[in-house]
Number of protein chains: 2
Amino acid sequence: MLAQSFAPPPRATPIARADNLLQRIGVRMAFAKDEEIYGQGEAANLIYLVASGAVRTSHFMVDGRRPIDHFYYPGDIFGLEVGDEHTLAAEALSDCLLLVATRSALVAEGGERALQTMLRDTMVRDLQNTREHLMLLVCKTARQRVSGFLLGLAERSPDPVIELAMGRQDMADYLGLTIETVSRMITDLQNNHLVEFQSCRQFVVRDRKALAGIAAC
Amino acid sequence: MLAQSFAPPPRATPIARADNLLQRIGVRMAFAKDEEIYGQGEAANLIYLVASGAVRTSHFMVDGRRPIDHFYYPGDIFGLEVGDEHTLAAEALSDCLLLVATRSALVAEGGERALQTMLRDTMVRDLQNTREHLMLLVCKTARQRVSGFLLGLAERSPDPVIELAMGRQDMADYLGLTIETVSRMITDLQNNHLVEFQSCRQFVVRDRKALAGIAAC
DNA sequence: CGATTTGTTGAGGAATATCAAACTTGGTGG
DNA sequence: CCACCAAGTTTGATATTCCTCAACAAATCG
């Protein structure tokens with residue numbers, strides 16, 4: 001069963017990912033839900049590939065808030081930093097299985113060039129993600145943010161029934177909203193028959209067009 | 001007089017910038033206020049160094065809004081994209097003078113290596129900027145955003161009297177606020193004697209500590 | 001099954017946007 | 001130098017959105 005998780009990721013990303021290497025030489029590591037994978041300020045030696053489950057990266061702030069930078073799903077690579085320190089913390093969103101390798105192992109196996117390429121691709125993707133995230137926050141209402149978020153999940157899911165990897169609090173932290181507002185928007189979208197939640201972690205898109213219409217910036 | 005503009009930038013950035021090369025081989029180009037330097041979707045062949053004046057990069061959106069991604073000041077390099085197309089537009093914030101070079105010219109003069117380094121450093125800086133900007137938008141109030149913005153300018157200015165390179169609308173677009181709100185916050189900060197505006201484009205920080213206290217996330 | 005966490009709903013309030021008007025500033029020409 | 005004009009900025013009144021606090025419901029876990 002677990003072996004299946006190591007198969008190519010179910011979603012396509014525009015950027016070529018040199019993750020075959022990681023697939024080959026990575027060491028399996030399991031993390032329990034909410035377990036810390038690495039902390040803010042820790043040395044950044046390892047490279048991670050999500051095999052199963054999901055991961056969030058976030059900033060911890062003095063006032064207790066914890067804005068989420070990004071969610072990583074199976075097939076995604078994370079943990080590569082430009083400096084030698086992690087600027088964000090990473091935690092398991094759910095129980096998850098990661099493939100882990102050290103930078104030196106990657107160099108030993110694939111050469112300096114492979115590492116550079118991987119680093120570059122990861123950084124490019126991070127920049128794109130962050131810019132997209134920024135746009136979402138600058139110029140969207142709560143309804144637009146939630147719609148866009150759900151639509152994004154739907155687009156990368158092969159299955160019509162979509163599993164939410166995260167709870168309302170994580171969504172709220174990512175979208176820059178409170179859990180109450182997220183909840184209200186979801187209820188609202190349901191009342192208008194744009195989406196339908198089977199349970200609070202499972203939903204189906206009912207009217208993709210209308211949803212996209214709302215989400216558009 | 002102009003020659004002075006080509007001197008090292010007045011502000012320090014944490015990232016080493018391979019801009020000597022650009023200083024040497026760059027071609028001077030002047031742009032008038034609000035002139036487009038490049039547009040969204042255009043081919044990204046050129047690398048720009050701000051010699052004097054300032055530049056904004058922004059997304060143009062269907063509804064007429066134009067969230068600003070970043071402001072570039074003398075000494076800053078911009079225009080390097082990871083793909084071969086500009087994802088943002090760049091415009092002159094004020095009359096400005098740029099040093100411009102093609103990628104191929106940089107390779108010819110400094111080698112592939114130099115270009116790679118420059119590209120990497122620029123991307124790293126962009127990523128940091130974007131993350132910072134993101135944090136500003138996720139978790140700050142209008143007062144905090146404006147305070148942080150003014151403080152940021154103050155920190156990189158050698159002069160106690162700080163020139164605002166942009167008008168209220170540009171500030172608002174960058175901070176994710178309306179011009180009215182920006183204006184009100186500035187008035188408010190003045191009433192509390194944290195800053196003092198000589199004119200609407202010139203200010204002095206009166207109580208740096210208090211300003212930093214407000215700006216802190 | 002009870003206990004605990006997580007999610008939903010409601011009422012009220014705070015922050016920011018919107019719309020409209022007045023005021024400043026900077027430039028231009030008399 | 002001053003009057004005038006246009007653009008940019010500030011201020012005020014009102015509307016809207018989202019947050020806060022509180023109660024309740026549902027799901028999860030031992």
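Throughout, protein chains are lettered first and strands after them, A, B, ... in sequence-line order, and every chain is numbered starting at 1.
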Minimum-distance nucleotide to T181(B) side chain [options: dT16(C), dC18(D), dT9(D)]: dT16(C)

Rounded distance (nearest 0.5 Å) linking atom OG of S58(A) with atom CE of M61(A): 11.0 Å

Shortest non-hydrogen contact from Q23(A) toward L99(A): CA-CD1, 3.9 Å

Nucleotide dT24(C), atom P - distance to CD1 of I179(B) in whole Å: 17 Å

Protein-nucleotide distance (D173(A), atom CG; dC18(D), atom P), rounded to Å: 17 Å

From dT8(C), dT11(D), dA17(C), nucleotide with atom closest to C200(A) side chain: dT8(C)

Proximity to the side chain of T187(A) - top-ranked nucleotide from dA17(C), dT16(C), dT8(C): dT8(C)

Polar side-chain contact R184(A)-dG7(C) base: donor and acceptor under 3.5 Å: no

Bend angle of the helix from dC1(C)-dG30(D) to dG30(C)-dC1(D), end axes from five pairs each (to 10°): 40°

Worked verdict on D126(B) versus R131(B) for salt bridge (Lys or Arg N to Asp or Glu O under 4.0 Å): CA-CA 8 Å; D126(B) 279 353; R131(B) 282 216 182 125; over 6 Å; no

Selection from dT9(D), dT18(C), dC19(D) that lies nearest to any side-chain heavy atom of S183(B): dT9(D)

Nearest-nucleotide pick for T141(B), side chain only, options being dT18(C), dT16(C), dT8(C): dT16(C)

Side chain of E180(B) - closest among dT9(C), dT8(C), dC19(C): dC19(C)

Side-chain donor/acceptor contact of R201(B) with base of dG26(C) under 3.5 Å: no

Atom-pair distance (CG on D170(B); P on dA7(D)), nearest Å: 16 Å

